[in-house]
Structures are given as C-alpha cells and as structure tokens.
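Proteins get letters first, then strands, A, B, ... in listed order; numbering begins at 1 in each.
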Amino acid sequence: MKQSIKEILKGKPIGTEVTVCGWVRTFRSNQFAAVSDGSCIQTIQVVVDHEATDPGLLKRITTGSAIIATGTLLASQGKGQDVELKATHIEVVGDADPEKYPLQPKRHSMEFLREIAHLRIRTNTFGAVMRIRHSLAYAIHHFFHERGFFYFHSPVITGSDAEGAGEMFRVTTLPLNKIPFTPEGAVDVKKDFFQKETNLTVSGQLEAELAALALSRVYTFGPTFRAENSNTTRHLAEFWMIEPEVAFFDLQDDMDLAESMLQYVISFALEHCADDIQFLKERQEQEEASKPQAERSPMDLVSKLKFVVDNKFERLTYGEAIEILKNSTPNKKGKFQYPIEGWGTDLQSEHERYLVEKHFQKPVILTNYPKEIKAFYMRVDEGEKTVSAMDILFPAIGEIVGGSQREERLDVLTRRMEEMHVPLEEMQWYLDTRRFGTCKHAGFGLGFERLVLFVTGMSNIRDVIPFPRTPGNAEF
RNA sequence: GCCUCCUUAGCUCAGUUGGUUAGAGCGCCGGACUGUUAAUCCGUAGGUCCCUGGUUCGAGCCCAGGAGGGGGCGCCA
C-alpha cells in the first residue's frame, strides 16, 4: 500500500523517494501545493519547480484537484512545516474547475456546507469530525469487547409497534397508488411483503434484553429511526444508537457502566485524535472570539473533555433535583419559562441546563423519576412512586444517555403495560423472558451523534453525521 | 407541531427615512512577484436584491401570500 500523508509525516523518511496521492487545498506562489489525503488533519507541502514545469500543467494544479506527486522528501526550507516533498514528477489525475468548484481556501458557513454535504467531507472541519467519529465508534466496540460484551445485531426492520420510543417509519412494498384494502376498509397488510405491518426500528432495547438473558452482557450499535417532527440541533430522523444490556445488573451497576464507558471513549479520542481535537478547539475559539463573553464556552474543548474524563459525574435523584430547582435563583425570580411546581412534573431542558451548566458544572446523572413520566419497562421502586431510571445530562447537549433497571417481575410488568396501554398480545415474546428464568437486568441507550457532538464541540448534530436526515431533508 | 429570525455577486456580508448608476472583503479571471503558509501587490469581470402579487411618481427597503434556510421550545438519544 502507498504511504498515507499521516504515515509520511510520522515516519519522516528524509532523503527517500515518496509518492503522495491526494487533493490540493491551496497552491501558493505557483510553487507550493498543500495536499491532503484525509488521513490526518495535516497537509503535506509539495514543492513544484515552476520554471521546469509545463505552464499548462501548473494551471491545472488548483484547489480541489486530485494529484499524484513523486519526489524526494526533504527538510523544509520554509517555516510552517518540518518536511516537504520536492516533486520530480507531478500528475493531475482529476481536474477541479476553479470557476465551478464550490470550496474555496477560506471559511464557509456550516449552512452552506450542509447543502454540499457530498463535498464538505473534504474540508478540515468535517475531515476532523469524521475521523473522530470513527475513533469513537472503534473505542465503543473496544470498550465492550474488553469487558466480555457481545455485539448483538437487533433487527432494523421490526414487526413490533410497541417499543414506545416514538413515531415510526412504515416499511412497505404495497403500491401507494393502489393500496389493497380488506372488505372492512382497512389496509390489507396480508398482501404486504411481510404479511404484517412493519416499521424501521426506534430502539433495539427489547431485543437486547432477550439477548442479555442468554449471553449476559450484550450491546447493540446500529442505525435507529424516529419519524418525530423534531426540529432541533440535537435530533435526527436517522441516527446511531448504542444499547448495552446486562443480566444481573441493577441501576447502580448501570450508572457505573455508562460513566466508565463515556470516560473511556472520550479519553480514547483525546489520545488518538489529539490533532483533530486541537484543530476543532482552535476553530471553536476563533468562532467564539466575536461573540459576547456570556455566549462563549466556559472551557475550551480540550479542557472540557479532560474535565469530564477526570471528574466523577454528579448523581442525584429526581426528587433531589426538584428541591435544588425549587430553591434556585432563576426559579425564585421567575426566570424559568416553566416554573417548578413540585414533585411529579417532567423536567424541561431549561431545568436540565441549569443543573448541569450552572449548579453542578459537570455531567449529572438523574435517577428515580416518577413512574408516570417514564416507560413501561422500567423497574418500579419500593413505594411504587418512582422507577429505577437514569438520565445522563451533558452540558449543551442535554440527555446523552437514558437508561434503567428493567422490570423483571412478570406481574408488575403486565400491570404496568395494561396501565400504559401497551398491547400485551403482541408482546408475549418479550414477556416470555419474565416467565422463564427472569432475573434483574439493566441497560441504557447512548445517542452516538450526541457523543460525537460533545467530543467535537460542534453545535449542530447535522454536522457530525455525513448525510443528515431531518424532517424535509434526505438529500444524497 | 409551536415561536422567532434570515434570504442582496461563487462565498461571507453592508446597504441610512422608500429616491437617480446596489457596494465591500475573500474567491475566480488577467498581470506582476517568486520560499510561500487562507502568500502579497495591481487590474478586470461578475447581480432575476428568493418567488408571486400589491401600495407608491418611485420598492433591495413597506404590505400580503408562497418557497428555502437558521435558532429556540416540545418530543427524545
């Protein structure tokens, strides 16, 4: 395999002949081409002898063009880099017409780049984000594998419509212009591909529970689909979710697992993506320099990540959080849009942000929520008022993890499902786990893009996934 | 789904109370320079002021409707 720019810059084989394949970022003074191949944030400087090179070829070395350059690697005579490639042969294999190529060697707005998502991967920022995204995915697999977890593949097409995690995308091969109906006037799903109603998964949790009660420690990591009409910087219609599920785990074990996992993968990124994170840190600082002090990040990106790795998350119950919020200055001064009424109301994002960003100034794990505001599968606590749920809240992102100890008692679970109108008949396969060899178990869901958002310091979730799917947008 | 803001050159944006020929920086193109670092200097070109309709002697600016985008909230990961 040819050496990547990352390998050349690391090995620095000065004096030897090397070949660089990549795309030109800038071409300065008709002499210095900054070439990137995406292997790292750095470019390599290819020095062209402009007096000995055909002017027609020189004109084709433009921003965005693909080139193959061969020459000797030398210590750089200039200041900005250690080494440079003194080209003896240069070939433009793919021209990029400078009149038409949309990327210029300058800052572009995120909104503009989103419209050219097929090209934005070539920018420094998106290159860094994509490399960090890869490293985080790799670190997640590594973390679980080392701890004896099995990667379990829950189905993407689900026949269950009782997952209760949100609106679903219908999967069908029925012709929309000629839908078959039953004599009663309903859609005749027996004529459909699966002979029943099917949807894209909104969660692999229920299937992961089945696996945990057989393999003990499992996790899923796959695409997840929510047809909610959510228009925020934290929501996607198609996103990736990690869902570990562990037999004989209680809520405390679950929190320990989630916290150590987040700290592990963030420190993995700090170690293996240091250059990319450093680039994004400086980018964020430049961007915030023009903002008023109050809108700037309290910590730079690297400090923020190190802080999360080095400090325990704050753990408290929902009830304790309500007390803190009730007595908080913004609540007393009527600054909250939704004033804290007391125990039982769901927390709004302004409340979560106050706890995380103002009161504790660190990640917070909230536990033991009122059972009325949480899902049917969460274990009912003693006293029947709360469930063993936990949400991990991160600054600027909000809920990054949602998890719980699961209700393993068949009678309690069936009662809860009846209360919450979950169709029991369709869920017998799920209830079988409680009928046969049930045991306490727990798990959580981690929104992968929210993790990438946090680690990269980007401000919109649409900029940490290659081709974002949101209401009204499924380009590329 | 609700609220709000925006749409002017390839990109980022300015455009005063409604006034005559709509500007800047960067990019592109041409030239100069040639150890540059988003190179620099000089010059040229580049506009359906998002669309439709209205008010007005006159609309980039005001009004109505539409389209596209941003942000906040809700739903949640």
Side-chain angles (χ1 to χ4, degrees), chain A residues 25-34 42-51 58-59 62-64 74 76-81 84 86 96-116 123-124 163-167 202-205 220-221 223-243 258 286 290 295 336-338 346-353 373-375 391-394 397-403 444-454 459-463 465 470-473 475:
Chain A
R25 287 295 175 73
T26 63
F27 188 42
R28 294 181 289 266
S29 301
N30 236 5
Q31 230 186 137
F32 306 101
Q42 285 83 12
T43 53
I44 193 164
Q45 174 153 287
V46 173
V47 184
V48 183
D49 184 348
H50 62 286
E51 282 169 349
L58 284 178
K59 275 188 77 73
T62 60
T63 299
L74 298 173
S76 179
Q77 292 175 43
K79 284 209 176 103
Q81 56 283 316
E84 64 192 18
K86 180 91 175 121
D97 183 347
E99 294 242 299
K100 292 176 184 154
Y101 187 61
L103 293 173
Q104 300 165 6
K106 60 170 277 188
R107 283 182 76 87
H108 289 97
S109 68
M110 286 297 123
E111 292 80 9
F112 172 68
L113 292 172
R114 236 169 260 155
E115 288 170 14
I116 51 166
T123 63
N124 285 333
E163 289 168 11
E167 291 296 310
V202 291
S203 165
Q205 181 201 312
T220 71
F221 187 169
T224 309
F225 307 87
R226 304 265 168 98
E228 301 286 348
N229 191 12
S230 297
N231 294 290
T232 79
T233 55
R234 309 179 302 282
H235 289 85
L236 292 165
E238 175 184 295
F239 64 102
W240 290 66
M241 186 155 66
I242 297 103
E243 293 176 291
Q286 282 169 22
S290 57
E295 287 174 32
F336 283 142
Q337 195 188 336
Y338 300 88
D346 209 351
L347 298 180
Q348 304 295 320
S349 65
E350 60 178 341
H351 306 134
E352 297 179 348
R353 292 187 72 129
I373 59 175
K374 287 291 182 184
D391 284 356
I392 303 186
L393 309 175
F394 266 29
I397 289 159
E399 187 179 343
I400 194 167
V401 161
F444 62 84
L446 167 72
F448 183 56
E449 282 74 18
R450 290 191 179 174
L451 174 66
V452 182
L453 201 53
F454 183 75
S459 45
N460 193 316
I461 202 162
R462 292 164 208 169
D463 300 328
I465 189 167
T470 53
N473 190 354
E475 291 302 303

Closest listed nucleotide, where the reference is the side chain of [X] and the choices are [options]:
X: Asp346(A); options: A38(B), C75(B), C73(B); value: C75(B)
X: Gln348(A); options: G35(B), G74(B), G30(B); value: G74(B)
X: Lys106(A); options: G30(B), U36(B), G10(B); value: G10(B)
X: Met241(A); options: U36(B), A77(B), G1(B); value: A77(B)

Distance between [atom1] atoms of [N] and [M] (Å, rounded):
N: U56(B); M: G10(B); atom1: P; result: 34 Å
N: C51(B); M: A67(B); atom1: C1'; result: 7 Å
N: A77(B); M: C2(B); atom1: P; result: 24 Å

Counter-base of A59(B), judged by Watson-Crick or G-U geometry with both distances under 3.5 Å: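 The base-pairing partner of A59(B), which may sit in any strand shown, does not exist here.
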Tell which nucleotide pairs with C75(B), taking only Watson-Crick or G-U wobble pairs whose two distances are both under 3.5 angstrom.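 Across all strands, not a single nucleotide pairs with C75(B).
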Does the base of G10(B) carry an N or O that pairs as donor and acceptor with the side chain of Gln104(A) under 3.5 Å? yes
Any N/O donor-acceptor pair, Gln81(A) side-chain to U36(B) base, under 3.5 Å: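 Answer is yes: a donor-acceptor pair is held.
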Sugar-phosphate only, base, or nothing, as touched by [X] at under 4.0 Å among non-hydrogen atoms:
X: Phe112(A); value: sugar-phosphate
X: Arg25(A); value: nothing
X: Thr224(A); value: nothing
X: Gln205(A); value: nothing

Grab the two heavy atoms, one from Leu103(A) and one from Leu113(A), that are nearest each other, plus how far apart they are.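 Of all heavy-atom pairs spanning Leu103(A) and Leu113(A), the closest is CD2-CD2, 3.7 Å.
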Stacked pair Phe32(A)-G35(B), distance under 5.5 Å, angle under 30°: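 Per 5.5 Å and 30° rule: no stacking.
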Between Lys374(A) and Asp346(A), does at least one N-O distance fall below 4.0 Å, as a salt bridge requires?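 No, no charged N to carboxylate O under 4.0 Å.
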